[in-house]
Amino acid sequence: MDSQLKELRNGAPDVLELKNTPTVGGGVGDTFGNDAVTEEQFTPWSRVVASGLELLRDPRYNKGLAFTEEERDHHYLRGLLPPAIISQELQVERILQNVRSYENPLEKYIALMDLQERNERLFYKVLIDHVEELLPVVYTPVVGEACQKYGNIFRRPHGLYITLKDRGHVLDLLRNWPEKNVEVIVVTDGERILGLGDLGLNGMGIPVGKLALYTALGGIRPSCTLPVAIDVGTNNEALLANPFYIGLRQKRTTGKEYDDLLDEFMMACKQAYGERVLVQFEDFANHNAFRLLLKYGTTHLTFNDDIQGTAAVALAGLMAALPIIGGKLADHKFLFLGAGEAGTGIAEIIALEISRQGKIPVEEARKAIHLVDSKGLVTKARFESLQEFKRPWAHDHPPAHDLLSAVKALKPTVLIGTSGKGGTFTKEVLEEISSYQNKPVIMALSNPTSQSECTAEEAYKYTKGKCVFASGSPFGPVTYEGKTYVVGQSNNCYIFPGLGLGCTISGAIRVHDDMFLAAAEALAKQINDDHLAKNQLYPSFDEIRKISAHIGAAVAAKAYELGLATRLPQPKDLFAYAKSCMYSPSYRKYR
Ligand SMILES: NC(=O)C1=CN([C@@H]2O[C@H](COP(=O)(O)OP(=O)(O)OC[C@H]3O[C@@H](n4cnc5c(N)ncnc54)[C@H](OP(=O)(O)O)[C@@H]3O)[C@@H](O)[C@H]2O)C=CC1
Ligand SMILES: CC(=O)C(=O)O
Ligand SMILES: [Mg+2]
């Protein structure tokens with residue numbers, strides 16, 4: 001692979017030549033391997049960006065008080081800054097002090113979003129260096145509250161807004177986006193934001209948050225990311241009545257009008273950014289999510305994070321749990337509360353893995369997996385009325401009208417919550433499962449924290465310390481009868497940044513199910529005896545960039561193996577290569 005391209009990708013070289021002419025910059029040097037840009041155009045290492053006040057106002061290049069004396073001279077900054085020179089490290093400390101001083105989590109979120117708008121490298125340095133502390137602010141749970149109040153806290157637009165009114169002009173909208181070398185898009189239509197329901201255009205907070213993680217956790221350059229919210233209306237009456245709501249004031253459109261807009265968008269993505277732009281579908285309602293995945297999975301580089309990313313992260317946790325709970329996956333019985341995107345997505349990857357390991361048909365493997373939805377246990381008797389994606393799980397079994405009766409009847413060893421309904425793993429359910437199972441796995445995956453099926457403390461308390469617990473939103477450690485357990489966060493954010501990295505470094509043209517299996521295996525391998533001693537099924541986020549590089553390497557290797565990679569030749573050491581391609585947020589020196 002070309003080292004100059006690699007350097008461009010991770011933001012090197014350290015010395016960047018800024019022209020003194022106060023023009024706002026084209027992004028020639030910001031791409032990586034884009035066919036439209038020749039190598040010659042990359043050299044010499046110079047970019048044309050603003051100087052003076054415009055430089056300070058450009059979040060991509062602004063360094064605040066970190067500009068050196070020389071830079072202040074050369075770039076017309078004299079008088080525009082106070083005399084103190086503060087290093088990036090000290091700036092990080094200052095930001096942290098400020099963020100920590102806010103008691104209200106939403107204020108912390110606003111402060112970080114403001115920073116992203118003001119000084120992008122500082123934002124990413126703060127986030128990367130303090131990921132464990134700040135992830136809950138830019139991501140679940142606080143991003144959930146931010147979405148609920150998005151209009152009320154609105155300051156500046158983030159991302160690209162595409163509405164029903166833009167039909168026929170979607171490509172023009174993409175062309176209005178200032179970056180031309182987009183590699184990863186996260187798109188939502190806002191209909192199922194976390195477990196908070198239809199939040200309409202307020203859902204933009206999710207693509208913005210997810211893409212911040214693509215950069216911070218997965219090393220994708222910020223300029224190569226594009227958050228998109230598609231506005232087809234909302235059925236959320238409270239939002240429609242809210243004067244500060246930012247979206248169209250109409251009920252959701254469905255049918256042909258909806259499909260045409262989505263079609264136009266998907267086509268425009270390819271036209272604007274080429275075959276290799278990765279489009280991640282996020283927080284669509286399940287009546288659209290599955291069919292859109294089916295429709296575009298074979299024509300675009302795309303995946304559904306809630307179905308597939310979640311599946312991979314849950315499988316990784318289960319693989320990691322086996323040394324504690326004993327046996328192979330095939331020796332366990334799985335029960336889900338929630339038979340939607342996350343539930344059936346996880347169920348299917350478990351079945352695929354059991355089928356692969358045991359060399360048995362996937363239909364056979366599915367028999368150990370049962371799901372409960374809002375109407376009770378999914379059974380054969382309900383087959384005709386079931387949505388397509390639930391049908392593979394309609395087993396021949398007597399009805400069970402609620403979770404407790406299903407647990408009593410089926411005696412699962414693994415209980416997974418993907419219902420979006422908080423408090424549904426009740427004391428009775430948890431006591432029941434621990435009455436016959438010595439080490440039950442309890443995964444309460446619904447987000448945000450308010451929707452978690454139970455808290456970590458409840459899980460350990462009601463199972464009398466027997467369970468192995470993981471959750472979708474973060475919980476602190478729990479001490480039960482003198483033993484402290486660390487709660488792993490079973491969240492797709494362990495997977496998608498590395499998956500994106502793997503796709504971009506290999507130039508993948510399709511996302512294949514086997515890439516998720518590879519990602520899950522790579523993640524599970526990060527768990528060691530120290531983690532297991534604390535029931536910790538997922539590694540600490542402090543190690544996430546290294547983990548993302550491992551996942552990226554595994555995904556890229558799979559892409560090469562399947563003939564889906566287009567960046568040739570394949571690098572010899574994919575892990576080293578993935579690491580070397582990751583964006584670094586350190587300031588560069590300006591000549
Ligand atoms: N940890 C992670 O990484 C992820 C977590 N999630 C979380 O999972 C949750 C669900 O998401 P998703 O699967 O996409 O949503 P869906 O809407 O696709 O599925 C929700 C499922 O839960 C069922 N359900 C709802 N209420 C109840 C209830 N009271 N009792 C039993 N079942 C119920 C629904 O039943 P019915 O079909 O009958 O309506 C449906 O089957 C959300 O909170 C989301 O935040 C999602 C993705 C990733
Ligand atoms: C994590 C995630 O994608 C969700 O809760 O929807
Ligand atoms: Mg989601």
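These numbers come from the heavy atoms of this one structure, side chains and all, not from hydrogens, waters or symmetry mates. Each ligand, and each atom within it, is numbered from 1 in the order the structure gives.
Proximity of Q451 to ligand 1 is not established, as no heavy-atom distance is less than 4.0 Å. For the ligand labelled ligand 1, residue K390 lies inside the 4.0 Å heavy-atom shell. In this structure, N492 counts as a contact residue of ligand 2, since one of its heavy atoms falls inside 4.0 Å of the ligand.
Which parts of ligand 2 touch N491 is read off a 4.0 Å heavy-atom cut-off, strictly below it: atoms 1 (C). Distances below 4.0 Å separate heavy atoms of G195 from the following atoms of ligand 1: 42 (C), 43 (O), 45 (O). Every atom of ligand 2 is numbered from 1 in the order shown, and the set under 4.0 Å from a heavy atom of L194 is 4 (C), 5 (O), 6 (O). For ligand 1, the atoms closer than 4.0 angstrom to any heavy atom of G472 are 1 (N). For ligand 1, the atoms closer than 4.0 angstrom to any heavy atom of A339 are 21 (C), 40 (C), 41 (O).
Under the 6.0 Å cut-off for aromatic ring centres, Y460 and Y485 qualify, their centroids lying closer than that.
When only non-hydrogen protein atoms are considered, atom 10 (C) of ligand 1 lies nearest to T418 O, 3.4 Å. At the top of the distance list for atom 19 (O) of ligand 1, counting protein heavy atoms only, stands G340 CA, 3.3 Å. When only non-hydrogen protein atoms are considered, atom 12 (P) of ligand 1 lies nearest to R192 NE, 3.6 Å. In terms of protein heavy-atom proximity, atom 23 (C) of ligand 1 is nearest to G338 CA, 3.8 Å. Ranking the protein heavy atoms by distance from atom 6 (N) of ligand 1 puts L445 O, 3.9 Å first. When only non-hydrogen protein atoms are considered, atom 24 (N) of ligand 1 lies nearest to S419 O, 3.8 Å.
Considering backbone and side-chain N/O of S374, one or more are found under 3.5 Å from N/O of ligand 1. An N or O contact shorter than 3.5 Å links A342 to ligand 1 by distance. Considering both main-chain and side-chain atoms, N492 comes within under 3.5 Å of ligand 1 through a nitrogen or oxygen pair. Inclusion of G343 in the set of residues having an N or O under 3.5 Å from an N or O of ligand 1 is not warranted.
With atom 18 (O) of ligand 1 as the reference point, the heavy atom nearest to it among N447, N286, L377 is part of N286. Scanning K421, Q387, E191 for the heavy atom closest to atom 29 (N) of ligand 1 points to K421. Nearest-heavy-atom check against atom 48 (C) of ligand 1 across I495, T310, D283, V378 picks out T310.
By the ring-ring contact (aromatic ring centres under 6.0 Å, His included) test, F541 is found to be paired with Y494, residues two or more places apart in sequence or in another chain being considered.
Only the side chain of L337 comes within 4.0 Å of ligand 1, counting heavy atoms alone; its backbone N, CA, C and O stay farther away. Counting heavy atoms closer than 4.0 Å to ligand 1, residue S490 contributes backbone atoms (N, CA, C, O) but none from C-beta onward. When heavy-atom distances to ligand 2 are checked against a 4.0 Å cut-off, D283 comes that close only through its side chain, counted from C-beta outward. In F496, neither the side chain nor the backbone holds a heavy atom less than 4.0 Å from any atom of ligand 2.
Remark: side-chain polar atoms of R276 are not paired, donor with acceptor, to backbone N or O of E183 under 3.5 angstrom.
Shortest non-hydrogen contact noted between T424 and V429 is O-CG2, 4.4 Å.
Around the Mg ion (ligand 3), protein N, O or S atoms at less than 2.8 Å comprise E282 OE2, D283 OD1, D306 OD1.
Salt bridge E237/K251: present, at least one basic N to carboxylate O contact under 4.0 Å.
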